[in-house]
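The sequence lines fix the lettering, A, B, ..., with proteins before strands; numbering per chain opens at 1. Since this is a predicted model, take the numbers as computed values, not measurements.
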4 protein chains.
Amino acid sequence: MTAHELDRAEAILAAALDLFVERGFHGTSVPSVAERAGVAAGTIYHYFSSKEALVNALYKQWKAQIASQVVTGFPFDKPAREQFRVIWERMAEFAIAHPKEIAFLELHHHGSYLDPESRQIENQLIDFGVEMVKRAQAEQVVKALPAELLVEFVDGAFLGVFRAALEGRLPMTKAMMMDAERCCWEAVRA
Amino acid sequence: MTAHELDRAEAILAAALDLFVERGFHGTSVPSVAERAGVAAGTIYHYFSSKEALVNALYKQWKAQIASQVVTGFPFDKPAREQFRVIWERMAEFAIAHPKEIAFLELHHHGSYLDPESRQIENQLIDFGVEMVKRAQAEQVVKALPAELLVEFVDGAFLGVFRAALEGRLPMTKAMMMDAERCCWEAVRA
Amino acid sequence: MTAHELDRAEAILAAALDLFVERGFHGTSVPSVAERAGVAAGTIYHYFSSKEALVNALYKQWKAQIASQVVTGFPFDKPAREQFRVIWERMAEFAIAHPKEIAFLELHHHGSYLDPESRQIENQLIDFGVEMVKRAQAEQVVKALPAELLVEFVDGAFLGVFRAALEGRLPMTKAMMMDAERCCWEAVRA
Amino acid sequence: MTAHELDRAEAILAAALDLFVERGFHGTSVPSVAERAGVAAGTIYHYFSSKEALVNALYKQWKAQIASQVVTGFPFDKPAREQFRVIWERMAEFAIAHPKEIAFLELHHHGSYLDPESRQIENQLIDFGVEMVKRAQAEQVVKALPAELLVEFVDGAFLGVFRAALEGRLPMTKAMMMDAERCCWEAVRA
DNA sequence: CATGAATGAGTTTTCATTCAT
DNA sequence: TATGAATGAAAACTCATTCAT
């Protein structure tokens with residue numbers, strides 16, 4: 001692909017992201033994506049075989065990116081407390097830098113238009129979290145509850161706070177996010 | 001209205017709830033609601049003036065019901081720890097009894113098709129939580145963080161756990177929900 | 001039929017007349033007629049077998065009435081000038097007393113929903129006019145042009161003036177209509 | 001626009017004109033217009049944003065055209081008798097060349113679906129006529145009646161004769177129309 | 001008789017997708 | 001490759017008519 005083509009594909013993806021977040025998958029028309037991207041409607045079909053392919057591309061792109069941001073260079077040798085902080089902090093940084101993308105991933109979680117590949121990626125981070133929790137439980141620094149429960153709890157708490165920030169009910173700042181992190185650690189620690 | 005008419009209105013609301021949860025507002029067609037409700041498409045318009053009126057009716061009905069379940073006979077004189085448990089327990093009972101309804105309220109939170117009345121109801125429970133938290137903070141039994149933050153944290157954690165149960169990754173039992181409750185109290189207590 | 005039934009039928013006809021004039025046949029719904037008549041939608045079908053039957057009933061009723069008003073006690077023995085004045089005057093009186101009815105007949109002239117019987121009545125007055133003109137032409141008091149032409153000319157002129165009055169561009173008064181009558185006689189006289 | 005596109009827009013306008021004249025605005029469905037124009041139903045919405053936009057486009061197009069035909073190169077310096085003849089003759093020529101268009105303008109006069117712009121154009125020709133009549137009245141060659149009355153009279157007479165010709169009750173010929181013109185002049189002359 | 005809930009065909013309109021240019 | 005006109009299926013909604021009450 002040439003640089004020009006990449007630009008167009010990016011413009012389409014960016015426009016689609018905006019609109020999918022604003023109006024949802026079914027509420028977003030392909031022509032509206034084209035218009036916001038500054039291309040003709042037909043052009044979208046040079047880059048994506050269908051509207052579904054477009055959501056799936058977006059979904060995979062950002063799921064992969066967030067997973068990479070969390071996992072890359074993860075301090076597997078540090079204590080659980082520190083690991084917890086790192087995961088939360090990296091997600092917070094990502095969320096503050098890419099709020100729309102997180103909102104998109106949340107909103108389209110489990111949409112019937114996601115293909116099997118996207119579905120597989122869906123739980124990647126949750127699975128990573130479960131591994132971390134189990135390790136910490138082995139060291140008895142985290143509560144002896146089902147690891148899944150703790151992870152879903154943490155994930156939910158994080159998203160609850162993030163969503164409130166997105167909707168303006170809380171400041172979207174790292175300090176606020178790290179306040180929440182300290183609360184959350186108390187929830188899971190042994 | 002006769003009993004028969006109430007039945008039909010109920011059938012339509014129930015069918016719409018199912019489908020709105022499965023496919024979202026824009027992904028659900030009025031004829032598909034009619035089919036599932038066992039009525040003709042036109043009949044829906046005898047009971048609801050538009051598809052939007054239908055979502056809003058559902059939204060208000062269940063938002064009001066969950067608020068009533070939490071607030072009715074609330075033990076305002078008990079200690080904060082007990083109040084927290086009561087709120088969580090009542091929401092858990094509601095969620096276990098009406099999982100689809102909770103999923104519906106979550107999914108349609110902030111939809112552009114919600115009317116001003118629905119929007120007003122939206123934050124009723126959050127506001128109630130904020131009041132409770134502030135009272136508890138006055139007694140120094142809860143962390144001195146912004147009350148909004150704590151409430152959104154709790155709400156998020158609850159929903160994270162509930163959603164995992166809904167999707168089969170956790171058991172949808174009261175015991176599990178109350179395990180989460182204990183975690184959550186540790187997150188917010190002073 | 002009882003008096004009560006006649007009342008209902010009249011109320012339906014009156015409501016239908018209003019709405020057919022305001023919005024036309026296809027633009028008027030049966031429920032809207034029912035509402036304005038103060039009856040239930042189904043009730044209309046006790047009196048008229050269909051929406052088409054309803055327009056046709058109205059059409060025949062008023063076409064007959066206007067013809068009767070013009071023809072009853074017509075001075076067949078008076079001079080043509082006087083006969084012309086009488087026809088115009090009677091139509092003017094009718095039009096001033098029943099402007100909506102005239103507008104209705106005009107608007108629905110030649111509608112595809114008129115039945116054969118209504119169509120037959122359509123030209124009754126025109127035919128009467130043609131007879132009168134031919135008689136007057138035999139006496140050479142009216143121009144020796146095709147009788148049809150003169151009659152349609154007169155009819156058109158009458159309606160043009162009436163419509164302007166209906167729309168408020170001219171006063172709906174007998175004096176004004178009789179001014180027009182004098183003009184019109186000059187148009188047709190020999 | 002390419003020639004091809006213009007063709008399609010023209011085909012749609014022509015089909016719509018036919019059907020609006022035959023069945024009225026509300027009696028004409030968009031698919032029926034599409035079928036007669038030989039295009040798909042959706043295509044109509046590339047050229048006209050709605051069914052209302054379509055009638056309004058037609059209305060403005062032909063109202064403008066008839067006004068232009070009457071007014072362009074109008075002999076403002078000729079005597080009133082000659083001016084009257086010119087107006088009538090030009091309208092007759094237009095009516096004979098475009099009978100459906102005149103019928104359309106008549107039928108849709110004052111339809112509730114006409115937009116403000118169309119409404120403004122509506123009385124353009126009537127206003128022109130009023131000006132001409134007032135000038136002629138100043139010279140005392142035309143009756144000293146309200147100018148509006150004379151103009152509506154003439155307009156009505158013209159349309160009455162035209163409509164009879166359209167419906168086959170009179171020959172649609174210029175000779176016939178000019179016979180009517182002579183009658184009409186006698187109606188208005190002083 | 002009178003009602004008005006129910007029906008389902010039909011209306012206007014949108015939109016994912018294709019394809020000639 | 002890029003376009004955007006064209007398509008036609010499907011959406012939301014309306015309405016003439018029927019029929020159980």
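- In this structure, the OH atom of C:Tyr45 is 5 Å from the C1' atom of F:dT17, given to the nearest Å.
- Separating the OH atom of B:Tyr113 from the C1' atom of F:dA12 is a distance of 16 Å, rounded to the nearest angstrom.
- Mapping B:Ala40 and D:Phe25 onto DNA chain E by nearest heavy atom places B:Ala40 at the nucleotide closer to the 5' end.
- Considering A:Leu58, A:Leu54, A:Val30 in turn, A:Leu54 is the only one that fulfils the side chain to side chain contact (heavy atoms under 4.5 Å, CB included) rule with A:Ile12.
- Environment of CD in B:Gln61: crowded, with over 12 heavy atoms of neighbouring residues, nucleotides or ligands closer than 6.0 Å.
- Counting to the nearest Å, the C1' atom of E:dA16 and the CG atom of A:Leu19 are 15 Å from each other.
- Scanning atom types as modelled, no donor and acceptor separated by under 3.5 angstrom connect the side chain of D:His46 and the base of F:dA5.
- C:Thr43 comes within 4.0 angstrom of a nucleotide base, judged by non-hydrogen atoms across all strands.
- Close to E:dG4, at under 4.0 Å from its OP1 or OP2, lies no side-chain N or O of B:Arg8.
- Mapping A:His26 and D:Glu52 onto DNA chain E by nearest heavy atom places D:Glu52 at the nucleotide closer to the 5' end.
- Among the atoms of the strands shown, none is found under 4.0 Å from any heavy atom of A:Ser32.
- Distance, A:Phe48 CZ to F:dA2 P: 12 Å, rounded to whole Å.
- Counting non-hydrogen atoms under 4.0 angstrom, B:Pro31 reaches the backbone sugars and phosphates but no base.
- Pairing for F:dT21 is with E:dA2, a Watson-Crick or G-U wobble pair whose two hydrogen-bonding atom distances lie under 3.5 Å.
- Nearest nucleotide to the side chain of C:Val30, out of E:dA16, F:dA12, F:dA16: F:dA16.
- You'll find the ring centres of B:Phe20 and B:His108 inside the 6.0 Å limit.
- One atom, CZ of D:Arg23, and another, C1' of E:dG10, lie 14 Å apart when rounded to the nearest Å.
- Residue C:Ile12 contributes atom CD1, which lies 14 Å from atom P of F:dT17 at whole-angstrom precision.
- The interatomic distance linking D:Lys51 (NZ) with E:dT12 (C1') rounds to 8 Å, in whole Å.
- The CD atom of A:Glu35 sits 15 Å away from the C1' atom of E:dT14 (whole-angstrom rounding).
- Residue-to-nucleotide proximity on DNA chain F shows that, of C:Ser29 and D:Ala41, the 5′-proximal contact is made by D:Ala41.
- C:Thr28 comes within 4.0 angstrom of the backbone, heavy atoms only, and of no base.
- If you check E:dT11 for Watson-Crick or wobble pairing at under 3.5 angstrom, you find it paired to F:dA12.
- In this structure, C:Lys51 forms no cation-pi arrangement with C:Tyr113, as its terminal cationic atom is not both closer than 6.0 Å to the ring centre and no more than 45° off the ring axis.
- No donor-acceptor contact under 3.5 angstrom links the side chains of D:His98 and D:Gln65, judged on distance only.
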